[in-house]
J.: 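Can you keep this structure in mind? I'll have questions shortly.
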Amino acid sequence: MVARVISVEPFDIVVFGATGDLAKRKLLPALYEREVAGQMPADARIIGVSRRPMAQEEFRALARESVEESDPHAEPEALARFLKQIDYVAVDALSDEGWGDLCQRLSAREDRVRVFYLAVGPDLFDDICARIGASGLVTKKTRVVVEKPVGKNLESARAVNAAVGKVFPEESVFRIDHYLGKETVQNLMALRFANALFEPVWNHAHIDHVQITVAESLGVAGRAGYYDTAGALRDMVQNHMLQLLCLVAMEPPVSMDADSVRDEKLKVLKALEPIDERNAQHVTVRGQYRAGASAGGAVTGYLEELGANEPSNTETFVAIKAEIGNWRWAGVPFYLRTGKRLASRVSEIVVAFKPIPHSVFDGNAGQIMANRLVIRLQPDEGVKLWLMIKDPGPGGMRLQHVPLDMSFAEAFGVRNVDAYERLIMDVVRGNQTLFMRRDEVEAAWHWIDPILDAWRASREPPKPYTAGTWGPSASIALIERDGRTWMDDA
Ligand code: BG6
């Protein structure tokens, strides 16, 4: 099946941090793939910006390398077309150096969409935005993309938002959370709101609990410096996992219009029951990996990867029992867990329905398991609905729990589009539906901050777990004392 591609209007994208990891691994390959898909207008321009002086050709060679690394079968013609669109300007975020050059490059195309992509640390957002503003580079069609983390607590998030907001109106600010650009995450909305089947049972009367797992098998190698200042709660829960929770829990929005969707997500964030010193000990678990095995080989522990002399209290694993205090979800726990160096790389949402109220079958039928809906984000994206069916053949009524299995790769046979491809094109189109609004980011921090405070006050170090396992045993106890279990096999 061939995916339908709608090309976008001509644009200039200025990537700050163009020689950094994100640009190299995600942004340049994503733009190349859009070229292959035929979505890039012929005269689109990609202007790489960083402090380092570099000739255009040198940056093009770097871009070629990134594309070839991410796609070893890159198409030579598409790659040549793509590289032609690339330019480079050395600009210093902290002085006037290079800004004149950048203005000159952009001035000829005042009327087209202009995107500033800030693929830099948040400490530079303020200066870069201020200089973009002072250099008169903000036109009617200018948009700014802000990478996470937006702050490291509510106070700093507000400061970042205020700094960006001084130069850009909220309609031009695109706070990216790449989980919202994942195919299956969008499918969650299709599943809920394009089918009549689920919505009537999507509430506390029929759903027992929800599990959201984002497990990674990799450690923090290469990013330990940043990671140690963040930890799993800030790095994954504050953004990706809470966004997933919101999409599962939100009320149907009036439309897919950005504010309608974001209004509903915001209501969920505001309805989260607080976790603080009174209950953090009981409903959260933090862990840190020790040496173990991953992908068949021995791997070192977090502290060795960090290479610090001092022990670190940063968590590389977190599990939380979250609750939403509203009419729809009262009494339905949302169990969240995420970590590095876990047993496998799997991200999925499990919606566990309540068991049947009464069985009409005798003991020979076997155990009747509750239905569950599994939305798998990665790998093998797809949706499974677990049902009870009769074992085929004669011999009486024996029941089995089996999945109605819809694997997207098998069903559609199309390439898995990376989240960044979709999201960058949404920026060009000016569609903010899959981006976080200022109040959403702040509401998420409002819920996260007291958890961080409680951990700090308790002075308890994170619980150790062996790399290659499912995290500390306390996270199993967290769910099992409620009579439930993590569904790793789903
Ligand atoms: C990033 C986090 O936002 O998401 C990383 O900073 C994490 O620590 C990554 O590894 C996971 O993204 P994905 O798309 O590989 O699941």
Side-chain angles (χ1 to χ4, degrees), residues 17 20-27 29-30 33 69-70 117-122 145-152 157 160 174-188 212-245 247 286-289 294-295 299 302 305-306 312 314-318 336-349 375-382 408 415-424 434-436 440-441 444-445 448 462 467 471:
D21 187 57
L22 182 74
K24 191 161 176 274
R25 275 190 316 107
K26 292 290 183 184
L27 307 183
E33 292 296 348
E69 242 169 63
S70 98
Y117 199 119
L118 309 190
V120 293
V145 185
V146 180
E147 263 294 335
K148 72 172 258 280
V150 180
K152 56 183 176 43
V160 169
F174 289 72
R175 294 178 196 80
I176 208 162
D177 181 319
H178 77 281
Y179 266 60
L180 291 180
K182 289 188 189 268
E183 191 66 40
T184 328
V185 174
Q186 307 216 312
N187 245 304
L188 177 57
I212 303 180
T213 297
V214 178
E216 297 183 85
S217 51
L218 294 178
V220 297
R223 295 173 74 225
Y226 148 75
Y227 194 87
D228 200 54
T229 64
L233 188 70
R234 290 189 175 101
D235 187 51
M236 297 297 287
V237 180
Q238 189 272 343
N239 34 76
H240 306 326
M241 300 203 67
L242 284 184
Q243 287 293 320
L244 296 181
L245 177 144
L247 294 179
R286 45 196 310 258
Q288 190 186 75
Y289 61 86
S294 179
V299 292
Y302 177 71
E305 268 187 56
L306 189 60
S312 160
T314 300
E315 78 286 352
T316 60
F317 174 95
V318 59
L336 316 178
R337 76 178 159 162
T338 183
K340 303 274 183 201
R341 282 277 186 242
L342 296 184
S344 58
R345 176 174 186 253
V346 50
S347 298
E348 64 188 16
I349 301 168
I375 299 137
R376 185 177 275 240
L377 274 57
Q378 57 199 24
D380 318 326
E381 300 163 303
F408 296 161
R415 185 182 70 86
N416 176 14
V417 171
D418 187 79
Y420 279 92
E421 294 179 46
R422 172 174 293 120
L423 293 174
I424 296 173
L434 298 177
F435 295 81
M436 293 179 293
E440 262 183 277
V441 173
W445 280 120
I448 291 286

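In listed order, ligands and their atoms are each counted from 1.
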J.: Out of all atoms in ligand 1, which are within 4.0 Å of some heavy atom of K340? Include the element for each.
T.: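 Per the distance check, 5 (C), 7 (C), 8 (O), 10 (O).
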J.: Going by the order shown, which atoms of ligand 1 are within less than 4.0 Å of some heavy atom of K148?
T.: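 The list of qualifying atoms is 1 (C), 2 (C), 3 (O), 6 (O).
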J.: Enumerate the atoms of ligand 1 whose separation from the nearest heavy atom of K182 is less than 4.0 angstrom.
T.: 13 (P), 14 (O), 16 (O)
J.: Looking at ligand 1, does any of its N/O atoms fall within less than 3.5 Å of an N/O of E216?
T.: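 N/O-N/O distance below 3.5 Å exists for this pair.
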J.: In ligand 1, which numbered atoms sit nearer than 4.0 Å to a non-hydrogen atom of D235?
T.: 2 (C), 5 (C), 6 (O), 8 (O)
J.: Any non-hydrogen side-chain atom of E305 less than 4.5 Å from a side-chain atom of K340?
T.: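 Not touching, per the 4.5 Å side-chain cut-off.
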J.: Identify, by atom number and element, the atoms of ligand 1 in contact range of H178, meaning under 4.0 Å from any of its heavy atoms.
T.: 1 (C), 3 (O), 4 (O), 12 (O), 13 (P), 14 (O)
J.: Closer than 4.0 angstrom: is that true for some heavy atom of Y179 and an atom of ligand 1?
T.: yes
J.: Look at the side chain of E69 and the backbone N and O of P29, then say whether any donor-acceptor pair between them is shorter than 3.5 Å.
T.: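 Absent.
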J.: Could you identify the single nearest non-hydrogen protein atom to atom 5 (C) of ligand 1 and state the distance to 0.1 Å?
T.: R223 NH1, 3.3 Å
J.: Quick check: does any side chain N or O of E33 sit under 3.5 Å from a backbone N or O of V417, one acting as donor and the other as acceptor?
T.: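 The answer is no, because no donor-acceptor pair under 3.5 Å joins these two groups.
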J.: Would N187 and K182 count as a side-chain contact (heavy atoms from CB on, under 4.5 Å) here? Give the steps.
T.: CA-CA 9 Å; N187 245 304; K182 289 188 189 268; over 6 Å; no
J.: Which ligand 1 atoms does Q378 reach within 4.0 Å, using its non-hydrogen atoms?
T.: 13 (P), 16 (O)
J.: Do Y226 and V220 come within less than 4.5 Å of each other through their side chains, counting heavy atoms only?
T.: no
J.: Classify the angle between the aromatic ring planes of Y420 and H178 as parallel (below 30°), tilted (30 to 60°) or perpendicular (above 60°).
T.: parallel
J.: Which residue and non-hydrogen atom of the protein lie closest to atom 15 (O) of ligand 1, and at what distance in Å?
T.: R345 NH2, 3.5 Å
J.: Polar-atom distance check: H240 versus ligand 1, any N or O pair below 3.5 Å?
T.: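 Yes; the residue has a nitrogen or oxygen that sits under 3.5 Å from a nitrogen or oxygen of the ligand.
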J.: Quick one: are I349 and L247 in side-chain contact, heavy atoms under 4.5 Å?
T.: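 I349 vs L247: side chains apart.
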J.: Applying the side-chain contact (heavy atoms from CB on, under 4.5 Å) test to V185, which of I375, D177, L377, L434 qualifies?
T.: L377
